[in-house]
Number of protein chains: 2
Amino acid sequence: MNIKHASGVTGLPAKTIRYYEDIGLVKPDRADNGYRDFSDVHLHKLSFLARARDLGFSISDCRDLLALWEDQDRASSDVRAIAKQHLTAIEAKIAGLQDMRATLADLVQTCAGNDRPDCPIIDRLRKG
Amino acid sequence: MNIKHASGVTGLPAKTIRYYEDIGLVKPDRADNGYRDFSDVHLHKLSFLARARDLGFSISDCRDLLALWEDQDRASSDVRAIAKQHLTAIEAKIAGLQDMRATLADLVQTCAGNDRPDCPIIDRLRKG
DNA sequence: CTTGACCCTCCCGTGACGGGAACCTTTATG
DNA sequence: CATAAAGGTTCCCGTCACGGGAGGGTCAAG
């Protein structure tokens, strides 16, 4: 199965699939003409990666998760640890963004937004 | 005032200040020995940038905000438009992260996290 | 006079790809 | 059978906002 087909099945752009091969996440076979040849196992791995990336796992996380996925004797606690850590990071990011949102919403609300130069947003950025 | 001092006053690393000069956000004078020399106006600009970046504005946004800051005849609506757009982007980002959090929290909760290979997190990533 | 703390420029690396050039192979069509 | 379109390949540069470090000049203190 060539890369275009693999792209269609997994939803990943061909460029991304090549990149994943570059960094060693998947190792497709090669046909005689040099074209990549993806088996069902490769496709499963790529789909796995697509879903993990969609959940915001980093490539490094994905590498670990993929290793655990391939390890029949894995302990679920290992997987859970990665997920928990990622969850904590996401929650921190959300909290930071919510702070930003509060400040910005406040500024936007107190700004008249008219033709006059008087602007509390600029004032705030000016004075801290 | 040399770059170390400017860094201390604004809280920006020296590297960042040099970068801001590279991309044309600030244009400090130069002393005879080639050292950058920052005036009060430069420091105000840098502090402005530090606060705007802290609120998550992109460098491109900052460039626009800085131009408006310097324009005594600006309309506050122009500033408000940038801030509102940024606010919308932040809210979208928060929503996306909250979705992720919900899914991940669910997965983490249903995972036993013991020594056995049975793991709902992997299952979910495997099957979609 | 030397030491150490500054300063400078320049180049490489980050994360996770995207765009595009230059070139080869396969497939469909006149 | 020739050709054109649509696939494939590698390779290199660009993204964003800097950080790290090399290699070298400058300055103040002991």
Side-chain angles (χ1 to χ4, degrees), chain A residues 1-39 42-43 45-66 82 85-86 89-90 93 96-97 100, chain B residues 1-38 42 45-66 86 89-90 93 96-97 100:
Chain A
M1 181 168 307
N2 66 18
I3 201 169
K4 191 69 179 296
H5 198 154
S7 169
V9 171
T10 63
L12 293 170
K15 273 279 193 183
T16 300
I17 297 176
R18 293 198 190 95
Y19 174 66
Y20 288 171
E21 183 184 4
D22 268 2
I23 63 175
L25 288 180
V26 280
K27 286 161 185 146
D29 300 328
R30 294 290 178 142
D32 291 344
N33 56 12
Y35 286 18
R36 289 170 182 80
D37 184 19
F38 297 87
S39 71
H42 296 132
L43 294 183
K45 277 194 189 184
L46 288 173
S47 297
F48 181 99
L49 288 168
R51 282 187 285 269
R53 292 286 302 131
D54 194 51
L55 281 176
F57 285 100
S58 70
I59 290 288
S60 173
D61 283 339
C62 288
R63 200 184 295 275
D64 295 342
L65 289 171
L66 207 52
I82 296 175
Q85 195 171 355
H86 181 41
I90 286 179
K93 210 174 270 185
L97 286 174
M100 267 188 215
Chain B
M1 182 168 307
N2 67 17
I3 201 170
K4 190 68 179 296
H5 199 155
S7 170
V9 171
T10 63
L12 293 170
K15 273 279 191 181
T16 300
I17 296 175
R18 292 198 190 95
Y19 173 66
Y20 288 171
E21 182 183 4
D22 268 2
I23 63 176
L25 288 181
V26 280
K27 287 160 184 144
D29 300 328
R30 294 287 178 145
D32 291 344
N33 55 14
Y35 287 18
R36 289 171 182 80
D37 185 18
F38 297 86
H42 297 132
K45 278 195 187 185
L46 287 173
S47 296
F48 180 100
L49 288 168
R51 282 186 285 269
R53 293 287 301 130
D54 194 50
L55 281 176
F57 286 100
S58 70
I59 290 288
S60 174
D61 283 340
C62 286
R63 201 183 294 275
D64 295 342
L65 288 171
L66 206 53
H86 181 42
I90 285 178
K93 209 173 270 185
L97 286 174
M100 267 188 216

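Everything quoted here is computed from the prediction, not taken from an experiment.
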Chemist: I'd like to know if the side chain of B:Arg51 reaches the main chain of B:Leu55, judged simply by a donor and an acceptor atom lying under 3.5 Å from each other, with no hydrogens or angles considered.
Modeler: no

Chemist: Can you tell me if A:Tyr19 touches the phosphate of C:dG18, counting only side-chain N or O atoms and a distance under 4.0 Å to OP1 or OP2?
Modeler: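 False: A:Tyr19 side-chain N/O out of range (4.0 Å or more) of C:dG18 OP1/OP2.
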
Chemist: Within the side chain of A:Ser7, is there an N or O that forms a donor-acceptor pair under 3.5 Å with the backbone of A:Ile3?
Modeler: no

Chemist: Sub-3.5 Å donor-acceptor pair from the side chain of A:His42 to the main-chain atoms of A:Lys27, do we have one?
Modeler: yes

Chemist: Contact boundaries of DNA chain D with chain A (under 4.0 Å, heavy atoms), 5' to 3'?
Modeler: D:dG7 to D:dC11

Chemist: Take A:Phe38 and A:Ile17 through the test side-chain contact (heavy atoms from CB on, under 4.5 Å) and record every step on the way to the result.
Modeler: CA-CA 11 Å; A:Phe38 297 87; A:Ile17 297 176; 3.5 Å; yes

Chemist: At 4.0 Å (heavy atoms only), tell me whether A:Ile23 reaches a base, stays on the sugar-phosphate, or touches nothing.
Modeler: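 It contacts nothing in the nucleic acid.
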
Chemist: Taking all heavy atoms of B:Met1 and all of B:Asp37, pick out the closest pair and write down the distance.
Modeler: N-OD1, 2.5 Å

Chemist: Heavy atoms only, 4.0 Å cut-off, all strands: where does A:Arg18 land among base, sugar-phosphate and nothing?
Modeler: base

Chemist: Is the phosphate of C:dC6 approached by B:Lys4 (side-chain N or O, under 4.0 Å from OP1 or OP2)?
Modeler: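 The answer is yes; a side-chain N or O of B:Lys4 sits under 4.0 Å from OP1 or OP2.
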
Chemist: How bent is the helix from C:dC1-D:dG30 to C:dG30-D:dC1, measuring the angle between the end axes built from five pairs each, rounded to 10°?
Modeler: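 About 30° separates the two local helix axes.
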
Chemist: Strictly distance-based, threshold 3.5 Å: is any side-chain N or O of A:Arg18 a donor or acceptor partner for the main-chain N or O of A:Asp22?
Modeler: no

Chemist: Phosphate oxygens OP1/OP2 of C:dG18: is one of them under 4.0 Å from a side-chain N or O of A:Thr16?
Modeler: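 A:Thr16 to C:dG18 OP1/OP2: side-chain N or O found under 4.0 Å.
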
Chemist: Indicate yes or no for a side-chain donor-acceptor contact from A:His86 to the backbone of A:Gly56 under 3.5 Å, with no hydrogens or angles considered.
Modeler: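 Confirmed, A:His86 side chain pairs with A:Gly56 backbone.
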
Chemist: Mark yes or no for whether A:Ser47, through its side chain, and A:Leu43, through its backbone, hold a donor-acceptor pair below 3.5 Å.
Modeler: yes

Chemist: With DNA chain C as reference, determine whether B:Lys15 or B:His5 sits nearer its 5' end, using the nearest nucleotide of each.
Modeler: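 Closer to the 5' end of DNA chain C: B:His5.
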
Chemist: With a 4.0 Å cut-off, would you call B:Arg36 and B:Glu21 a salt bridge?
Modeler: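 Looking at B:Arg36 and B:Glu21, the cut-off is met.
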
Chemist: Does C:dC7 have OP1 or OP2 under 4.0 Å away from a side-chain N or O of B:Arg30?
Modeler: no

Chemist: Just by distance, do the side chain of A:Arg63 and the backbone of A:Ile23 share a donor-acceptor pair under 3.5 Å?
Modeler: yes

Chemist: Enumerate the protein-to-nucleotides 24-26 of chain C contacts in which both atoms are nitrogen or oxygen and the separation is below 3.5 Å.
Modeler:
from   : atom 1 : to      : atom 2 : distance (Å)
C:dT25 : O4'    : A:Tyr35 : OH     : 3.4
C:dT26 : OP1    : A:Asn33 : ND2    : 3.4

Chemist: Is the phosphate of C:dA16, meaning OP1 or OP2, less than 4.0 Å from a side-chain N or O of A:Arg63?
Modeler: no

Chemist: Given atom CZ of B:Arg36 and atom C1' of C:dT9, what is their separation to the nearest angstrom?
Modeler: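 Computing the B:Arg36:CZ to C:dT9:C1' distance gives 9 Å.
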
Chemist: If we ignore hydrogens and angles and just use 3.5 Å, is the side chain of B:Thr10 paired with the main-chain N or O of B:Ala6 as donor and acceptor?
Modeler: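 Judged by distance alone, yes, a pair lies under 3.5 Å.
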
